[in-house]
Amino acid sequence: LWLLFALAAARLTVNPRRDPLAGLALLAIRLYARFWHRLRVEGAEHIPRALHPGPLIVVCNHTCGADPLLVQAAVPFEVRWMMAEDMQVPALRGMWDWLRIIPVHRVQRSTGHPRGADARAARLALRHLRDGGVLGVFPEGAIERPAGMLLPFLPGIGFLVRHSRASVLPVVIAGTPQTQTAWGSLLKPSRAVVRFLPVVSYAEPPRDRMDAQQITDDLHARMAAALTELAAEIAHRKW
């Protein structure tokens, strides 16, 4: 029994933080995604396999409150997410701090640039990337409605990519619970699909000359096409 305990404890330290508690949390997330949301991961060959593959920005469409958990369940590295400050329940402040969430003030799309919106969040995100971290961003800025219809991206994503020169891992999600609140989706089972697209570098030719808006538009076009394809496949898929 002691040997089994030692082996289990050692296994739980195989995570980016080298911490048994982090390993236990990651195991719980994967079990939750696998059995509650029947998570199906596609495009796994595009996922970097290193525990520390940064600097890397994971760019994902936003379908429900479970999205960050589903993406984290599919990758071996830790994703540090940017999250709307008004969605962070004060009673869970300890959890947000442990997860190292970067709080972001919601802004109107017309003033979505980090300099005019939330410069502090942008600075924290850039510092994390320059330290070799992985950043998770939902550039739509809100949960998409109707499902499967990608909202316009806030220009901040192009700003972060341009100034960090980090590679980008685009991700599209479909099949998640559609509930009235983001928190409600955590309790409703589903058949979720997370599809990873090829990693894109905007620091190498021919994309190295793109400005922030061009990067934003390019990412949106890639993900809109992928999401349309995925949504169509799910609609005709026999589980």
What pairs of donor and acceptor atoms, side-chain ones from residues 88-103 against any protein atom, are under 3.5 angstrom apart with sequence neighbours left out?
| unit_1 | atom_1 | unit_2 | atom_2 | d |
| --- | --- | --- | --- | --- |
| Gln88 | NE2 | Met83 | O | 3.4 |
| Trp96 | NE1 | Val89 | O | 3.0 |

Side-chain donor-acceptor pairs of residues 202-209 under 3.5 Å, sequence neighbours excluded:
| unit_1 | atom_1 | unit_2 | atom_2 | d |
| --- | --- | --- | --- | --- |
| Tyr202 | OH | Asp218 | OD2 | 2.5 |

Side-chain donor-acceptor contacts of residues 224-231 below 3.5 Å, not counting sequence neighbours, with atom names and distances?
| unit_1 | atom_1 | unit_2 | atom_2 | d |
| --- | --- | --- | --- | --- |
| Thr228 | OG1 | Ala224 | O | 2.9 |

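Legend: residues meeting salt bridge (charged side-chain N to carboxylate O under 4.0 Å, His left out) with Glu85, ordered by chain and number and at least two apart, are absent. Evaluation of the side-chain hydrogen bond (donor to acceptor under 3.5 Å, both in side chains) rule for Arg165 yields no partner, not counting sequence neighbours.
A continuous path of hydrophobic side-chain contacts links Val200 to Met210 [ILVMFWY only; heavy atoms under 4.5 Å]. In the hydrophobic clustering of this structure, Val58 does not group with Val104; members are Ile, Leu, Val, Met, Phe, Trp, Tyr whose side-chain heavy atoms approach within less than 4.5 Å, directly or through other members.
Asn61 and Glu140 are not linked by any side-chain donor-acceptor pair at a separation below 3.5 angstrom, with hydrogens and angles left out of the test.
Ring geometry, Phe153 versus His220: the interplanar angle exceeds 60°, so the pair is classed perpendicular (tilted spans 30 to 60°). Taking the six-membered ring for Trp and thresholds of 30 and 60 degrees, Tyr32 and His37 have ring planes more than 60 degrees apart, a perpendicular arrangement.
Smallest separation of non-hydrogen atoms from Arg30 and Val75: NH2-O, 3.2 Å.
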> Between Ser167 and Ile57, is a side-chain contact (heavy atoms from CB on, under 4.5 Å) present by the stated rule, with each step listed?
Replying inline: CA-CA 6 Å; Ser167 297; Ile57 302 177; over 6 Å; no
> Thr63 and Thr176: side chain to side chain donor-acceptor pair (under 3.5 Å), yes or no, with the steps?
Replying inline: CA-CA 7 Å; Thr63 69; Thr176 52; 2.6 Å; yes
> Would Gln214 and Asp217 count as a side-chain contact (heavy atoms from CB on, under 4.5 Å) if you check the C-alpha gap in whole Å, the side-chain angles of each, and the deciding distance to 0.1 Å?
Replying inline: CA-CA 5 Å; Gln214 289 173 322; Asp217 294 341; 5.6 Å; no
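The local environment of CD in Gln180 is sparse, with at most 12 non-hydrogen atoms from other residues, nucleotides or ligands closer than 6.0 Å.
In this structure, Asp131 contributes its side chain and His128 its backbone to no donor-acceptor pair below 3.5 Å.
Sequence neighbours left out, not one pair with a member in residues 147-161 passes side chain to side chain donor-acceptor pair (under 3.5 Å).
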